[in-house]
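Worksheet: one structure, shown below.
All figures in this text were calculated on a predicted structure; none of them were measured in a lab. Atoms considered below: every heavy atom in the structure, side chains included; atoms not considered: hydrogens, waters and symmetry mates. Numbering of ligands and ligand atoms starts at 1, following listing order.
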Amino acid sequence: MTAITNHLPTAELQALDAAHHMHPFTANGELAEKGARVITRASGVTLTDSEGHEILDAMAGLWCVNIGYGRDELADVAARQMRELPYYNTFFQTTHAPAIALAAKIAELAPEGLNHVFFAGSGSEANDTNIRMVRHYWALKDKPSKSIIISRKNAYHGSSVGSGSLGGMSAMHEQGGMPIPDIHHINQPNWWAEAGDMSPEDFGLARAQELEQAILELGEDRVAAFIAEPVQGAGGVIVPPTTYWPEIQRICDKYEILLIADEVICGFGRTGNWFGSQTMGIRPDIMTIAKGLSSGYAPIGGSIVSDEVAAVIGSGEFNHGYTYSGHPVASAVALENLRILEEENIVGHVRDVAAPYLKEKWEALTDHPLVGEAKIVGMMGSIALTPNKAARAAFASDAGTVGYICRERCFANNLVMRHVGDRMIISPPLVITPDEIDTLIERARKSLDECYEILKEKDMLQSA
Ligand code: PXG
């Protein structure tokens with residue numbers, strides 16, 4: 001077989017890709033016509049494609065390359081670990097140094113009382129662990145009826161059957177027999193799109209109180225846990241009003257509902273603290289982690305579990321685990337990533353330099369005729385595109401039509417800025433510099449201008 005390398009012509013790579021590679025969340029037939037963009041290498045915040053374009057990756061891959069691309073230290077650690085011990089499991093009463101060291105380091109970084117780690121290969125797997133763990137926890141406490149997990153519409157918690165059921169993506173639930181039983185979804189705190197005339201503060205409270213109503217309707221003796229991202233990521237970087245999380249915490253405490261913070265995106269510095277839970281002032285019992293744990297250099301995820309939950313679960317055998325739980329190479333890579341995040345004070349860089357600078361520039365985008373609200377927490381931001389800011393109107397076209405046009409202009413201008421419906425989102429590597437932020441904003445503005453011109457031309461600036 002011929003080696004498939006970056007040196008093959010783009011068209012040849014695209015044809016092979018179309019013939020054999022099924023892409024996630026993609027209409028593969030359509031993509032085959034168009035040809036996928038081939039990414040060949042990356043360094044810092046910049047991707048290079050097979051045509052030689054240098055693209056500013058304002059999504060850090062898929063919200064994960066926190067330390068930026070091209071850090072040799074991680075490659076060196078991976079090679080060293082592969083030579084020494086490429087694989088061994090942590091079932092059957094065995095362990096190894098990389099998993100031990102990583103678990104200990106995570107416990108040190110995590111908020112007080114969260115000192116135990118159950119490893120997985122991804123965020124989806126970790127959330128599947130969480131479903132089983134919280135239900136089993138209540139069963140062990142002689143309350144087996146507490147099996148319902150409350151989540152939110154438009155949440156993203158993964159793509160496996162369990163985690164996809166936890167998530168609140170209706171387009172996912174329509175395919176493949178989801179959700180599984182005993183998952184209940186309440187509304188999200190999306191003020192821009194769903195608040196009507198309410199103030200952000202009143203709306204935040206009202207949406208949080210839906211949790212209390214759900215608990216009372218379902219029965220206190222039926223609810224095991226509430227799961228949420230501190231800031232919804234894949235749903236469109238929905239930043240909750242300030243009143244939301246304190247009320248959620250109050251309700252979880254009052255009804256003794258376990259709180260699971262899905263930190264897969266927010267964790268490891270993205271919000272300006274090690275964890276989004278710290279930024280939002282909440283005290284979870286379990287935190288889901290993945291992505292930034294290894295900056296995406298190796299697939300690894302896990303659940304950080306409180307002393308109390310770990311003690312109960314540890315009282316017997318928990319019949320759960322993955323071949324790659326605590327994989328030595330992935331663990332060693334993650335540990336090196338955490339060393340870099342810590343020693344280079346990257347979380348401090350976010351808090352003191354990058355995030356304040358980005359916030360100022362990002363919020364200034366609201367002077368653009370297409371931009372309604374601009375929201376940002378740390379290094380995750382969103383803008384709502386609208387034909388009428390005052391009315392917070394949606395476009396008359398199907399949701400996502402305008403967002404897609406804008407995204408295509410971004411790509412053409414060498415910027416990866418994604419769209420979720422008609423919101424544009426960013427989540428750049430945490431190491432981005434002020435100069436690179438200037439470039440990001442410049443390309444975003446140019447893309448917004450071009451998008452606006454297209455909408456004018458096509459008479460698409462109509463409100464729904
Ligand atoms: N929780 C959250 C909050 C996530 O964002 C997962 C769990 C699942 O992690 P894994 O490692 O199983 O993918 C995620 C993943 C998007 C997009 O379109 C976002 C994710 C994954 C794929 C696409 O923004 N987030």
Side-chain angles (χ1 to χ4, degrees), residues 22-27 57-66 118-131 149 151-172 178 183 188 225-240 259-268 270-271 275-277 279-280 282 284 286-304 322 324-325 327 330 333-334 377-382 400 403-404 407 410 416-421 423-428:
M22 298 173 76
H23 291 244
F25 284 94
T26 298
D57 183 10
M59 283 305 301
L62 214 41
W63 320 79
C64 54
V65 189
N66 288 12
F118 195 106
F119 285 114
S122 65
S124 299
E125 287 180 4
N127 276 327
D128 277 18
T129 299
N130 295 339
I131 294 171
I149 302 171
S151 177
R152 306 185 295 184
K153 293 176 187 163
N154 199 35
Y156 191 83
H157 296 299
S159 205
S160 59
V161 174
S163 63
S165 297
L166 276 185
M169 298 285 178
S170 52
M172 290 176 70
M178 297 200 290
I183 309 283
Q188 60 175 339
F226 174 66
I227 183 168
E229 304 149 78
V231 179
Q232 277 163 270
V237 186
I238 310 298
V239 182
L259 175 56
I260 308 169
D262 187 333
E263 295 269 2
V264 167
I265 286 176
C266 293
F268 304 101
R270 180 141 309 274
T271 68
F275 296 97
S277 294
T279 304
M280 293 294 145
I282 50 175
I286 297 176
M287 301 201 302
T288 321
I289 52 173
K291 293 191 190 279
L293 169 59
S294 68
S295 283
Y297 280 63
I300 184 166
S303 307
I304 317 181
Y322 307 105
Y324 299 132
S325 287
H327 189 282
V333 168
V377 175
M379 303 305 281
M380 55 197 295
S382 59
Y404 182 77
R407 188 204 84 126
C410 293
V416 180
M417 171 159 83
R418 286 254 317 277
H419 78 112
V420 175
R423 285 182 92 83
M424 304 307 297
I425 58 174
I426 56 163
S427 166

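- The single protein non-hydrogen atom nearest to atom 22 (C) of ligand 1 is L62 CD2, 3.6 Å, given as residue, atom name and distance.
- The closest protein non-hydrogen atom to atom 9 (O) of ligand 1 is G123 CA, 3.3 Å.
- Shortest contact from atom 5 (O) of ligand 1 to any protein heavy atom: I265 CD1, 3.2 Å.
- Here the straight-line distance linking atom CZ of F118 with atom OG1 of T288 works out to 13.0 Å at 0.5 Å rounding.
- Atoms of ligand 1 lying under 4.0 Å from any heavy atom of S122, numbered from 1 in the order shown and given with element: 11 (O), 12 (O).
- Under a 4.0 Å criterion applied to the non-hydrogen atoms of E229, ligand 1 contributes the atoms 3 (C).
- Distances shorter than 4.0 angstrom occur between a heavy atom of D262 and an atom of ligand 1.
- In this structure, atom 24 (O) of ligand 1 lies nearest to the protein heavy atom W63 NE1, 2.8 Å.
- At a threshold of 4.5 Å between non-hydrogen side-chain atoms, the residues I227 and N127 count as touching.
- R407 places no side-chain N or O within 3.5 Å of a backbone atom of V416 that could act as its donor or acceptor partner.
- Remark: distances from the non-hydrogen atoms of R418 to ligand 1 include one below 4.0 Å.
- Taking every non-hydrogen atom of A234 and a distance limit under 4.0 Å, the qualifying atoms of ligand 1 come out as 16 (C), 19 (C), 24 (O).
- Using modelled atom types, one side-chain atom of T129 and one backbone atom of E125 make a donor-acceptor pair closer than 3.5 Å.
- Counting protein heavy atoms only, atom 20 (C) of ligand 1 is closest to K291 NZ, 3.4 Å.
- For the pair Y156 and V264, the minimum side-chain heavy-atom distance is 4.5 Å or more.
- With S159 contributing its side chain and G164 its backbone, the two residues share no donor-acceptor pair below 3.5 Å.
- In this structure, the side chains of L62 and R418 come closer than 4.5 Å at one or more pairs of heavy atoms.
- Judged by distance alone, the side chain of S151 and the main-chain N or O of L166 form a donor-acceptor pair under 3.5 Å.
- The nearest heavy-atom contact from the protein to atom 13 (O) of ligand 1 is S124 OG, 4.3 Å.
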Carefully, step by step, assess F226 and R152 under the rule side-chain contact (heavy atoms from CB on, under 4.5 Å).
CA-CA 9 Å; F226 174 66; R152 306 185 295 184; 3.9 Å; yes

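- Atoms of ligand 1 found under 4.0 Å from any heavy atom of H157, numbered from 1 in the order shown, are 1 (N), 6 (C), 7 (C).
- Among protein heavy atoms, the minimum distance from atom 2 (C) of ligand 1 is reached at Y156 O, 3.3 Å.
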